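Heads up, the thing below is written out as structure tokens.
For reference, positions follow the sequence shown, starting with 1. Values in this document were obtained by computation on a predicted structure and should not be read as measured data.
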Amino acid sequence: MNELLTASATELARRIRKGELTSRQAVEAHILQVERVNPVINAMVRDRFETALHEADRADNERRTSDPRALPPLHGVPCTIKENFAFAGMPHTAGLVARRDVVAEEDCVTVQRLREAGAIPLGVTNVPELCMWVESHNRVYGRTRNPYNPKHIVGGSSGGEGAIIGSGASPFGLGGDVGGSIRLPAFFNGVFGHKATGGTVPTTGQHPAPENGIRRYCQAGPLARRAEDLMPLLKILSGPDGVDTECRAVKLGNPDRVRIGDLRVVSIPGNGARPVSADLVEAQAKAAAALAESGASVCVREVRELRHSFNIWAAMMAAEGGTSFTSHLGNGGELRLGREVVRWLLGRSGHTLPALGLAITESLPLPHGRYLRLGATLRERLLEIMGPDGVLLYPSFTSPAPRHFQPLLRPFDYVYTGIINVMGFPATQVPMGLNANGLPLGVQVVGAPGNDHVTIAVARHLERVFGGWIPPWQGHRDAVSPFRGSPARRPLLARRSLRPA
């Protein structure tokens, strides 16, 4: 059991293909873990356990009757899907009460590609309301809690994915990232996540749907407990679908061919505006030292334009236009913000405070022209200092996972990830152990456009040096356990589906 809950998807697929493990065993082990941890963390908001077990049995039959070499790369491997991706037969609410009864009629392209590659989704996971906040909480499903300490947040918007993977209940999952929504949950939950170069993975089938050039900034991508899964998953997910006009055909590089000793590594300890905690500064310094010990050329730099990260991110997002967040909150109808704020104060609103706050702030004036020019300058500056084949080390956030509600006091700290989106750079989130309180540490590895394989190669190297994902049950006393409590004693196929919290 423990072995299956810590193996990579690549390893599970290899063992299933060789007949050392059945798909049913892998799927059942992860279902049992979901049933153990989900009452604590509320990460999976709707399951499809019975269907998944039937699909696992079918995968095992195919394994017995087919040439194993002809099986798809993820044959029989369990996974999870972020709820705002269309997944046939599953809820597609994005945490909006007005969409409570919406069920997807077909798979979006990224879900389809994972399933065609042989993956077996166990269910869908929680998000913030309309996927635009750093804490995964909404009025449809409730609040998701961190597997390392349930008093702390899991991040957003792929927060349910980060938590379910970090708890050992899924080897990998599908997330989306327009301001850090893959990397922040990966960071807060101690796992790996990759935000691809802009235009690599199609955004079709998400809600809210990215529009215009925001499709370049928003990228679907993998979260995984092991770094070796990132590039195989990215290859499965990438490529045009004929719908997303910003997505193009790319030739992804091979991380195996990256020589760490030949890299230029630039460590940027902060943006000069939002201070970073000492434990994260130390973790980033350790990452830089480990790369230097392997022969990489390492230097520490400050980039003054990064002080304006929030204004640059906001200006570049706004410049692409599209449907307003307020319109999305109204689900196509009129939303009177003043009245809705009063309703929230009276405890009668179906919306969360962060969502209402974003709707209010999006109408505030901002000198977009100045920050668009500054954004172009920043991009040129970062490309210059890292060079064509180098990487940046950069904080993921200002601290390890805050307690619930604390991000409301510092709402702009997500810009450490958000700024990378509008630059169009690839970035891999790398776990770097646990701090004294048992919370995950980590660092972003950022590369030049098209160098996804380089940032993933660095992530794999740092995993070898520092160990990568540390299961919660090896950390703090408040963390979830793989064996906490008992799953239902009824046979799996007789169990009830999860219900929204």
Side-chain angles (χ1 to χ4, degrees), residues 70-75 79-94 99 102-121 124 127 130-131 157-158 161 172-179 181-182 193-223 229-254 316-317 319-323 327-328 332 421-427 449-453 456:
L71 296 174
L74 296 174
H75 183 78
C79 70
T80 42
I81 305 293
K82 184 179 179 180
E83 197 262 17
N84 79 308
F85 286 83
F87 180 7
M90 301 301 285
H92 192 212
T93 73
R99 291 175 58 88
V102 174
V103 175
E105 297 182 355
E106 60 183 9
D107 293 346
C108 70
V109 60
T110 42
V111 172
Q112 178 185 356
R113 288 174 178 178
L114 288 176
R115 298 183 74 185
E116 289 176 348
I120 299 177
V124 294
V127 297
L130 288 176
C131 300
S157 60
S158 310
E161 281 302 301
F172 76 92
L174 176 64
D177 190 319
V178 76
S181 293
I182 287 173
H194 184 73
K195 197 287 293 182
T197 298
T200 299
V201 182
T203 62
T204 312
Q206 298 182 49
H207 186 85
E211 300 176 77
N212 305 329
I214 291 178
R215 292 169 174 155
R216 293 192 308 275
Y217 306 150
C218 181
Q219 289 292 279
L223 295 87
D229 291 336
L230 295 177
M231 183 53 77
L233 290 169
L234 184 59
K235 288 182 177 180
I236 290 167
L237 295 169
S238 64
D241 66 343
V243 179
D244 184 342
T245 57
E246 296 292 337
C247 187
R248 63 194 185 283
V250 296
K251 184 177 181 180
L252 294 167
N254 186 349
M316 294 182 72
M317 291 283 288
E320 297 300 335
T323 306
S327 296
H328 283 303
N421 292 75
V422 293
M423 297 292 101
F425 298 162
N451 279 358
D452 299 72
H453 64 296
I456 289 173

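Scanning for salt bridge (Lys or Arg N to Asp or Glu O under 4.0 Å) contacts around Arg113 gives an empty result, with sequence neighbours left out. In this view, Arg99 satisfies the salt bridge (Lys or Arg N to Asp or Glu O under 4.0 Å) rule with no residue, not counting sequence neighbours. When the side chain to side chain contact (heavy atoms under 4.5 Å, CB included) test is applied to Cys247, the partners found at least two apart in sequence or on another chain are Pro202, Asp244.
In plain terms, the two heavy atoms of Asn212 and Gly321 that are nearest each other are ND2-C, 3.8 Å. The two residues Gly175 and Phe85 have their closest heavy-atom pair at O-CZ, 3.4 Å. Shown here for Val422 and Met317, the closest heavy-atom pair between the two residues is CG1-CG, 4.3 Å. Here the closest non-hydrogen pair linking Cys218 and Thr203 is O-CG2, 3.1 Å. Closest of all the heavy-atom pairs between Ile236 and Pro73 is CD1-CG, 4.0 Å.
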CA sep, side-chain torsions, deciding dist, call: His92, Asn84, side chain to side chain donor-acceptor pair (under 3.5 Å): CA-CA 5 Å; His92 192 212; Asn84 79 308; over 6 Å; no

Pair His194-Asp452, side-chain contact (heavy atoms from CB on, under 4.5 Å): steps then yes or no: CA-CA 8 Å; His194 184 73; Asp452 299 72; 2.8 Å; yes

Trace of the salt bridge (Lys or Arg N to Asp or Glu O under 4.0 Å) decision for Lys82 with Glu161: CA-CA 6 Å; Lys82 184 179 179 180; Glu161 281 302 301; over 6 Å; no

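Checking side-chain atoms of Gln219 against main-chain N and O of Val178 turns up no donor-acceptor pair under 3.5 Å. Using a distance-only test at 3.5 Å, with no hydrogens or angles considered, a donor-acceptor pair links the side chain of Glu83 to the main chain of Ala94. Judged purely by atom type and a 3.5 angstrom limit, Glu211 uses its side chain to pair as donor or acceptor with the backbone of Thr323. Side-chain atoms of Ser158 come within 3.5 Å of backbone atoms of Gly176 as a donor-acceptor pair (strictly under, hydrogens ignored). In this structure, the side chain of Lys195 does not engage the main chain of Gly179 through any donor-acceptor pair within 3.5 Å.
A salt bridge does not link Glu320 with Arg215: none of the charged nitrogens is closer than 4.0 Å to a carboxylate oxygen.
Shown are Thr197, Ile456, Leu234; of these, the side chain to side chain contact (heavy atoms under 4.5 Å, CB included) with Leu252 is made only by Leu234.
A distance of 6.0 Å separates CG of Leu174 from CG of Leu237, quoted to the nearest 0.5 Å. Atoms CG and OG, on Asp177 and Ser157 in that order, are 7.5 Å from each other to the nearest 0.5 Å.
Within 6.0 Å of atom CD in Glu106, 12 or fewer heavy atoms from other residues, nucleotides or ligands are found, so the atom counts as exposed in its surroundings.
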